[in-house]
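Here's the structure, in structure tokens; my notes come after.
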There are 2 protein chains.
Amino acid sequence: MKKASLKSIAAELGVSVSTVSKALRDSPEISQETREKIQAFARYLDYSPNKMALGLRNQKTMVIGIIVPEIVHHFFSTVISGLEEKANEYNYNVMIGLSNDQLKKEKELIEAFTNGSVDGLIISLSKESMQKKNFAHIEKLINQGFPLVFFDRAPEELPVNKVLVNDEEGGYKATSYLLDKGVQYPAILSTPLHISVGKEREKGFLRAVKEQAVDEYKIIHINEQFDIVEQIADLFNQKRIPDGIFAVNELYASIALKTAQKKGINIPRDLKIIGFTNGIISKTTTPTLTTIDQHGKQMGQTAMNILLNCITNPEENSSASIYIIPTQIIPREST
Amino acid sequence: MKKASLKSIAAELGVSVSTVSKALRDSPEISQETREKIQAFARYLDYSPNKMALGLRNQKTMVIGIIVPEIVHHFFSTVISGLEEKANEYNYNVMIGLSNDQLKKEKELIEAFTNGSVDGLIISLSKESMQKKNFAHIEKLINQGFPLVFFDRAPEELPVNKVLVNDEEGGYKATSYLLDKGVQYPAILSTPLHISVGKEREKGFLRAVKEQAVDEYKIIHINEQFDIVEQIADLFNQKRIPDGIFAVNELYASIALKTAQKKGINIPRDLKIIGFTNGIISKTTTPTLTTIDQHGKQMGQTAMNILLNCITNPEENSSASIYIIPTQIIPREST
DNA sequence: TTTTAACACGAAAACGTTTTCGTAGGTATT
DNA sequence: AATACCTACGAAAACGTTTTCGTGTTAAAA
């Protein structure tokens with residue numbers, strides 16, 4: 001039982017395709033009687049217009065492409081939920097591609113999506129793109145004037161719409177919070193510096209320690225190529241052990257927590273820990289982790305709003321805008 | 001700078017559209033010379049065929065629709081990653097819809113996706129559909145012969161392709177594991193019985209206790225309308241407190257863990273806990289949680305394989321198949 | 001020299017829409 | 001009675017492909 005089309009309805013009812021189309025759109029050109037007959041029949045057949053034909057005709061797919069590094073990830077999946085929700089509100093659907101943090105896959109996905117599959121693209125860059133600063137594929141899109149919004153991981157140098165977490169502020173807030181709680185010797189568990197979010201959070205950390213004139217602190221750049229647990233454990237094998245740790249993500253925070261506990265360190269009495277990302281981990285550790293909320297859902301909604309606006313008003317929205325989402329500290333037991 | 005089309009290339013080169021099309025597909029109908037000229041020009045313009053035109057022409061979108069209750073969820077996002085990976089392997093892309101566990105949204109998404117947007121559908125049903133056993137929208141799809149695969153949450157009565165976790169086996173394994181470790185008075189933290197996965201896991205629990213002739217055990221059906229923490233805490237306010245808990249998901253397990261710890265109960269000495277879903281929570285609690293792995297990624301791959309096979313070989317695949325993914329116990333510190 | 005075949009390309013249809021324009025028949029105006 | 005104007009519908013183009021079929025030119029065969 002094939003899907004009904006205007007043609008099949010027209011044939012069945014002995015009228016022309018144009019008449020059917022007009023009748024279904026309630027055009028006054030068609031007589032009341034004919035209209036009702038056609039509409040009734042269409043309803044009976046459960047007719048609805050073919051998306052691809054519509055797309056071809058209107059040069060519009062009503063689909064938004066989303067390209068993210070991974071999806072089994074609290075922050076990214078949260079953003080996606082915000083994106084999907086907002087898109088749906090405006091009758092758009094979302095297509096999703098996972099780059100697995102690989103430049104090659106990212107390129108392929110962009111190619112596949114921009115061949116008339118989607119009306120716009122929302123991207124969070126792969127680690128590989130960020131590290132190699134290889135943005136040729138992105139610049140091509142910009143030159144084409146393709147509707148485009150980045151979130152969280154964006155090409156720093158390029159003039160393009162971005163929705164970013166205020167990572168520097170987050171790092172500052174987190175560190176200040178620790179210092180205000182009496183921490184004397186803070187440490188930061190950060191990423192390598194080519195990860196922009198890590199770099200920004202570290203900047204915030206440095207601003208806070210400088211502001212409060214803390215002269216001794218420790219910075220550790222975790223290299224995920226090697227054993228993370230070992231690198232973090234190293235922090236507790238030094239002569240002076242920190243009494244406050246700011247971890248730039250949930251995972252590092254939870255590992256630091258577990259490792260410290262194994263060493264018999266009491267948290268939060270002897271060591272206060274604060275993480276980043278208000279995800280599931282932070283709520284289920286013992287003790288629960290104080291953390292920085294990135295408002296992922298709001299980010300998704302904002303990004304989608306900007307993109308849809310670009311699509312609807314192509315002229316007024318030619319310049320690149322940067323939207324910064326503020327962070328929020330969520331106090332829990334670990335401090 | 002608009003995207004190039006066959007038409008624009010043809011006009012520019014003074015040949016016909018058909019010639020361009022054939023040249024680009026390396027048809028021997030076109031002379032070597034013309035072919036090379038056209039191909040070079042197309043490459044220069046970065047031409048690639050329009051997806052919607054192709055779709056209309058071939059009656060095939062090369063897109064698979066995925067409808068899940070939520071995405072900020074370890075299991076679902078894991079399955080999705082498997083689905084996406086497998087789809088990509090066969091040059092398909094995936095469109096994602098989130099039902100938010102609501103029947104209405106699920107229906108809308110199915111409507112939107114089956115109007116020629118996707119070639120097939122992979123669905124995990126919303127709680128509301130399951131509870132109300134309202135499958136009219138699904139039966140419609142089946143009657144249409146629309147390529148369809150369910151995973152995890154499937155309509156029990158309907159003859160349709162399903163990929164399921166062996167939940168009963170998982171519950172049995174988990175409970176047996178507890179009993180083998182010497183647990184005398186086991187409890188299960190389960191869902192209301194209309195959630196099929198909860199029901200199945202509970203069946204496994206019952207089979208295990210029966211098998212080992214345990215005469216006393218406790219069953220708690222958590223109602224998520226009310227405060228979950230309170231309902232779980234209730235377990236520890238009884239005269240007899242369980243020495244083993246099987247929770248049908250990570251969250252319940254982690255809450256039970258925290259609550260017990262607050263009551264001063266030593267885990268795993270006085271109480272052993274085992275969860276379900278090998279997600280992030282289980283790895284980051286203190287102590288880490290023994291749990292049942294559902295092999296989400298493999299599930300996604302399997303489901304996509306079945307669907308693509310349905311699409312490619314419509315005739316041979318008319319009957320509904322059920323594929324059961326085995327579970328695996330992941331021993332950790334909580335037992 | 002005429003017939004045949006190969007070659008290289010173009011015209012047109014089809015996929016399913018929407019929209020512009022054209023027109024036959026009827027009604028109202030002068 | 002001639003003109004103008006509705007009313008209600010159909011034809012056709014357009015969106016971008018692919019593919020079938022037709023055809024003019026040239027080269028080979030008779």
Side-chain angles (χ1 to χ4, degrees), chain A residues 1-39 41-42 45-63 91 111-119, chain B residues 1-39 41-42 45-63 91 111-119:
Chain A
M1 196 168 57
K2 278 263 137 237
K3 277 279 291 183
S5 69
L6 292 186
K7 204 190 205 181
S8 68
I9 296 180
E12 205 74 23
L13 259 46
V15 294
S16 78
V17 170
S18 15
T19 302
V20 178
S21 173
K22 287 170 190 165
L24 292 180
R25 321 192 94 237
D26 252 328
S27 159
E29 256 185 281
I30 307 300
S31 73
Q32 182 84 18
E33 192 191 3
T34 313
R35 244 187 294 171
E36 281 172 4
K37 186 178 66 181
I38 293 178
Q39 287 175 3
F41 191 60
L45 290 183
D46 199 34
Y47 168 82
S48 62
N50 180 286
K51 267 271 179 67
M52 276 182 310
L54 274 181
L56 193 56
R57 160 84 215 203
N58 301 330
Q59 298 291 77
K60 222 164 174 312
T61 63
M62 300 305 283
V63 174
N91 287 313
E111 288 288 335
F113 282 10
T114 51
N115 295 336
S117 287
V118 304
D119 292 340
Chain B
M1 198 169 55
K2 278 263 138 241
K3 277 279 290 181
S5 69
L6 292 185
K7 204 189 204 179
S8 68
I9 296 180
E12 204 76 23
L13 260 46
V15 294
S16 78
V17 170
S18 14
T19 303
V20 178
S21 174
K22 288 170 190 166
L24 293 180
R25 321 191 95 238
D26 252 329
S27 160
E29 256 184 280
I30 307 300
S31 71
Q32 181 85 18
E33 190 192 4
T34 313
R35 243 187 293 169
E36 280 171 4
K37 186 178 65 180
I38 293 178
Q39 288 176 1
F41 191 60
L45 290 183
D46 199 33
Y47 168 83
S48 63
N50 180 288
K51 268 270 179 69
M52 275 183 309
L54 273 181
L56 193 56
R57 160 85 216 204
N58 301 332
Q59 298 292 75
K60 221 165 175 316
T61 63
M62 301 303 283
V63 174
N91 288 313
E111 288 288 335
F113 282 9
T114 51
N115 294 335
S117 288
V118 304
D119 292 340

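This one's a predicted model, so the numbers in the text were calculated from it and none came from an experiment. Within every chain, numbering begins at 1; the chains are lettered A, B, ... in the order of the sequence lines, protein sequences first and strands thereafter.
For the pair B:S117 and A:K51, the tightest heavy-atom approach, listed with the atom from each and the gap, is OG-CG, 3.2 Å. Here the closest non-hydrogen pair linking A:V17 and A:A10 is N-CB, 3.8 Å. Residue A:A42 comes nearest to A:L24 through the heavy atom pair CB-CD2, 3.6 Å, listed as atom of the first residue, atom of the second, then distance.
B:I30 places its CD1 atom 12 Å from the C1' atom of D:dT19, with the value rounded to the nearest Å. One interatomic measurement links the two molecules: CD of B:E29 to P of D:dT23, which rounds to 15 Å at whole-angstrom precision. For the pair B:D26 CG and C:dA8 P, the computed distance is 14 Å after rounding to whole Å.
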B/S/- contact track for nucleotides 11-17 of chain C, protein heavy atom under 4.0 Å: BB-BBBB

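A donor-acceptor contact shorter than 3.5 Å is absent between the side chain of A:N115 and the backbone of B:P49.
Counting heavy atoms from C-beta on, the side chains of B:I38 and B:V15 come closer than 4.5 Å. Using a 4.5 Å heavy-atom threshold, the side chains of B:L45 and B:I9 count as touching.
By the salt bridge (charged side-chain N to carboxylate O under 4.0 Å, His left out) test, A:E12 is found to be paired with no residue, residues two or more places apart in sequence or in another chain being considered.
Counting only Watson-Crick and G-U wobble pairs whose two key distances fall under 3.5 Å, DNA chain C forms stems of three or more stacked pairs at C:1-30 with D:1-30.
Between the side chains of A:S48 and A:K3, at least one donor N or O sits under 3.5 Å from an acceptor N or O.
One finds a side-chain N or O of B:T34 lying less than 4.0 angstrom from the OP1 or OP2 phosphate oxygen of C:dC9.
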